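In what follows, a structure is listed as structure tokens, so that the remarks can point back to it.
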Amino acid sequence: MSLPNVSSKTYSLSAIIFGYLLIDDLTANEQNALGNWLMLTAQVLCTNAFYRQVQAERMNTNINRNGNNNYVNNDTDSIEMLEKMIIAIQREIEILKENK
């Protein structure tokens, strides 16, 4: 999927128009539910895009440090981070069990 090739103002205006078109066809609860769903969708897109930027920045940093174009494999770092996350989640589960 690609974004339309229009100006940023036109692109923003289309979102405003789309939002106003939905107002009359939805109840307040439906508007709230749809709005929350759209915000969650937007957050997922923003989070993914930001993390891609972080990865690109890390790759550029590694290129500069190594003096070549070989990307340093961060699989070990990823595994370590995931293991730490698992341990943290397990601790939270134990705390929740104790407070039950």
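Side chains included, hydrogens not; waters and symmetry mates left out as well; all remaining heavy atoms used. Residue numbers count from 1 along this sequence. If you're wondering where the values come from, they're calculated on a predicted model, not measured in any experiment.
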Inset, instruction - To the nearest 0.5 Å, tell me how far Arg52 CZ sits from Asn48 CG. - result: 5.0 Å

Inset, instruction - Could you state whether Trp37 and Leu26 fall into the same hydrophobic cluster, counting links through intermediate Ile, Leu, Val, Met, Phe, Trp or Tyr residues with side-chain heavy atoms under 4.5 angstrom apart? - result: yes

Inset, instruction - Calculate, to the nearest 0.5 Å, the distance between atoms CD and OG1 belonging to Glu30 and Thr27 respectively. - result: 3.5 Å

Inset, instruction - Without swapping roles, check the side chain of Thr10 against the backbone of Val6 for a donor-acceptor pair under 3.5 Å. - result: no

Inset, instruction - Sort out for me which residue in Leu38, Asn32, Leu34 forms a side-chain contact (heavy atoms from CB on, under 4.5 Å) with Asn36. - result: Asn32

Legend entry - Residue among Ile17, Asp25, Asp24 satisfying side-chain contact (heavy atoms from CB on, under 4.5 Å) with Leu21: Ile17

Legend entry - CD1-CE distance between Ile79 and Met81, expressed to the nearest 0.5 angstrom: 11.0 Å

Legend entry - Hphob cluster co-occupancy, Tyr11 + Phe18, side-chain heavy atoms under 4.5 angstrom: no

Legend entry - Gln53 vs Glu57 side-chain heavy atoms within contact, under 4.5 Å: no

Inset, instruction - Check whether any side-chain heavy atom of Gln31 lies under 4.5 Å from a side-chain heavy atom of Leu22, and answer yes or no. - result: no

